[in-house]
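Keep in mind that what you see is a predicted model, and the values were worked out from it rather than measured. Computation of the quantities below employed the complete heavy-atom set of this structure, encompassing side-chain atoms and omitting hydrogens, waters and symmetry-equivalent molecules.
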Amino acid sequence: SVANRFMSPAGIWMLAHHRSVAIIDAPYAWEDANPVLDRIENFLRDNGYRVELIAVSHLHLDHMAGLHPFLKRFDGATVVFPRAWREKAYKWWDGDTWKRGGVAPEPLLNHAKRVEFDETHVAKLSGEKIFFVEAPYHSATDQVIVFRGVALLPDWHLPSKPDEKLHLVLAPKRDIAQTVRRFREFRARHAYTIHSAIGVHGSHGGVRPFQHRIRLACDRFAVDAD
């Protein structure tokens with residue numbers, strides 16, 4: 001499609017601890033996802049891993065258009081997503097985009113094994129905590145995945161200085177305010193520190209220090225930053 005040619009490349013992330021894996025994001029598979037899925041399955045088998053969790057960072061096509069074959073291949077995994085997606089999934093683009101693009105959210109939203117959460121969900125990979133945080137910022141459907149102190153960000157641009165111009169910040173301002181508050185309170189609420197972040201496109205290095213960048217975002221969006 002035309003969209004395929006203009007989308008920047010996105011990747012597939014595997015977060016692993018001992019034998020457990022979470023797969024994050026499933027970008028375009030074009031005509032046939034099987035070669036990619038076979039490569040992932042071979043890697044999992046060779047290393048003794050099993051897929052326990054599947055999630056997508058947000059509902060833009062370059063991050064979830066290949067999700068359906070992933071759900072079929074790894075049907076025993078649990079899908080994790082914010083409950084708000086049930087309302088937002090059909091609204092993040094114009095009304096008939098799903099029909100024209102051939103991608104519908106029902107397999108995700110109705111997957112047999114799923115966890116729908118409000119604000120934050122904490123799961124474990126072989127005992128290691130993995131956090132899923134409802135976090136509109138780049139889009140209204142963003143969720144941030146936090147693992148081993150690193151936040152996996154859905155195409156976020158966080159400022160590094162107070163006057164830095166922001167890019168691709170498209171969620172409603174009210175939702176963004178809730179997001180930055182949520183991360184400002186994250187350490188105290190969960191007794192857990194996020195020290196850095198990585199964008200899901202993998203096109204830049206770690207964002208450090210994460211809490212400082214969130215504080216700048218708080219200031220930008222008129223959120224109390226004590």
| task | Step by step, work out the side-chain contact (heavy atoms from CB on, under 4.5 Å) result for Thr120 and Phe132. | result | CA-CA 6 Å; Thr120 306; Phe132 300 84; over 6 Å; no
| request: Evaluate side-chain contact (heavy atoms from CB on, under 4.5 Å) for Ile198 paired with Leu153, printing each intermediate quantity in order. | output: CA-CA 6 Å; Ile198 299 174; Leu153 303 179; over 6 Å; no
| said: Go through it in stages, so that I can follow the logic: the residues are Arg189 and Glu119, the test is salt bridge (Lys or Arg N to Asp or Glu O under 4.0 Å), and I'd like the CA-CA distance, side-chain angles, deciding distance and then a yes or no. | reply: CA-CA 12 Å; Arg189 179 169 295 183; Glu119 294 195 6; 3.7 Å; yes
| task | Dump the intermediate steps for side-chain contact (heavy atoms from CB on, under 4.5 Å) on Arg148 and His17, then the final yes or no. | result | CA-CA 10 Å; Arg148 291 180 175 168; His17 183 63; 2.7 Å; yes
| task | Begin with the C-alpha distance, continue with both residues' side-chain angles, and end with the deciding distance and a verdict on side-chain contact (heavy atoms from CB on, under 4.5 Å) for Val150 and Val146. | result | CA-CA 5 Å; Val150 179; Val146 180; over 6 Å; no
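Contact between His111 and Asp75 at its shortest, heavy atoms only, is NE2-O, 3.7 Å. For the pair Leu125 and Leu15, the tightest heavy-atom approach, listed with the atom from each and the gap, is CD1-O, 3.5 Å. Closest of all the heavy-atom pairs between Pro136 and Thr179 is O-OG1, 2.7 Å. Scanning both residues, Val144 and Pro154, for their nearest heavy atoms gives CG2-CD, 3.8 Å. Listed here is the closest heavy atom pair of Pro159 and Arg213: O-CD, 2.7 Å. Between Ala26 and Val56, the closest heavy-atom pair is N-CG1, 4.3 Å.
Under the 6.0 Å cut-off for aromatic ring centres, His60 and His138 qualify, their centroids lying closer than that. For Phe186 and Phe131, the gap between ring centers is short of 6.0 Å.
Trp13 places a side-chain N or O within donor-acceptor distance of the main-chain N or O of Val200, the cut-off being under 3.5 Å. The main-chain N or O of Ser139 is found under 3.5 Å from a side-chain atom of Asp142 such that the two form a donor-acceptor pair. Without hydrogens or angle criteria, Thr141 side chain to His58 main chain gives no donor-acceptor distance under 3.5 Å. A distance-only check finds a donor-acceptor pair linking the side chain of Asp25 to the backbone of Ser57 [under 3.5 Å]. Under a 3.5 Å cut-off, the side chain of Ser20 and the backbone N or O of Ala16 do not form any donor-acceptor pair. Side chain of Arg50 to main chain of Val21: no donor-acceptor pair is present (N/O by atom type, distance under 3.5 Å, no hydrogens or angles).
In this structure, the side chains of Phe117 and Gln143 come closer than 4.5 Å at one or more pairs of heavy atoms. The closest side-chain heavy-atom distance from Ile12 to Ile24 is not below 4.5 Å. Residues Ile194 and Arg187 are not in side-chain contact: their nearest non-hydrogen atoms beyond the backbone lie 4.5 Å or more apart. The shortest distance between side-chain heavy atoms of Gln211 and His195 does not fall below 4.5 Å. Residues Cys218 and Arg184 meet the side-chain proximity criterion, which asks for heavy atoms closer than 4.5 Å. Counting only heavy atoms from C-beta outward, the side chains of Met14 and Phe43 approach each other to under 4.5 Å. Inter-residue side-chain proximity for Pro27 and His63 is flagged as unmet; no heavy-atom pair is nearer than 4.5 Å. In this structure, Tyr137 and Leu166 have side chains that are in contact, with non-hydrogen atoms separated by less than 4.5 Å.
We find the NE2-CD1 distance between His121 and Ile130 to be 9.0 Å, quoted to the nearest 0.5 Å. Between the CD1 atom in Ile23 and the CZ atom in Phe70 there is a gap of 6.0 Å [rounded to 0.5 Å]. Within the model, atoms CG of Leu59 and NZ of Lys88 stand 10.0 Å from one another, a figure rounded to the nearest 0.5 Å. In this structure, the separation between OH on Tyr49 and CD1 on Ile40 is 14.0 Å, given to the nearest 0.5 Å. The OG1 atom of Thr78 sits 4.0 Å away from the NZ atom of Lys113 when rounded to the nearest 0.5 Å. Of the inter-residue distances, the one linking Leu216 atom CG with Leu158 atom CG reads 9.0 Å to the nearest 0.5 angstrom.
Side-chain atoms of His157 and Glu164 include a donor-acceptor pair closer than 3.5 Å. Asn47 and Arg19 are not linked by any side-chain donor-acceptor pair at a separation below 3.5 angstrom, with hydrogens and angles left out of the test. A donor-acceptor pair shorter than 3.5 Å can be found between the side chains of Arg45 and Asn42.
Residue Arg39 qualifies as open at atom CZ: its count of foreign heavy atoms under 6.0 Å is 12 or below.
Salt bridge annotation for Asp163-Arg220: absent, with no cationic side-chain nitrogen under 4.0 angstrom from a carboxylate oxygen. Using a cut-off of 4.0 Å between Lys/Arg side-chain N and Asp/Glu carboxylate O, Arg114 and Glu116 are scored as salt-bridged.
Taking the six-membered ring for Trp and thresholds of 30 and 60 degrees, Phe183 and Trp156 have ring planes more than 60 degrees apart, a perpendicular arrangement.
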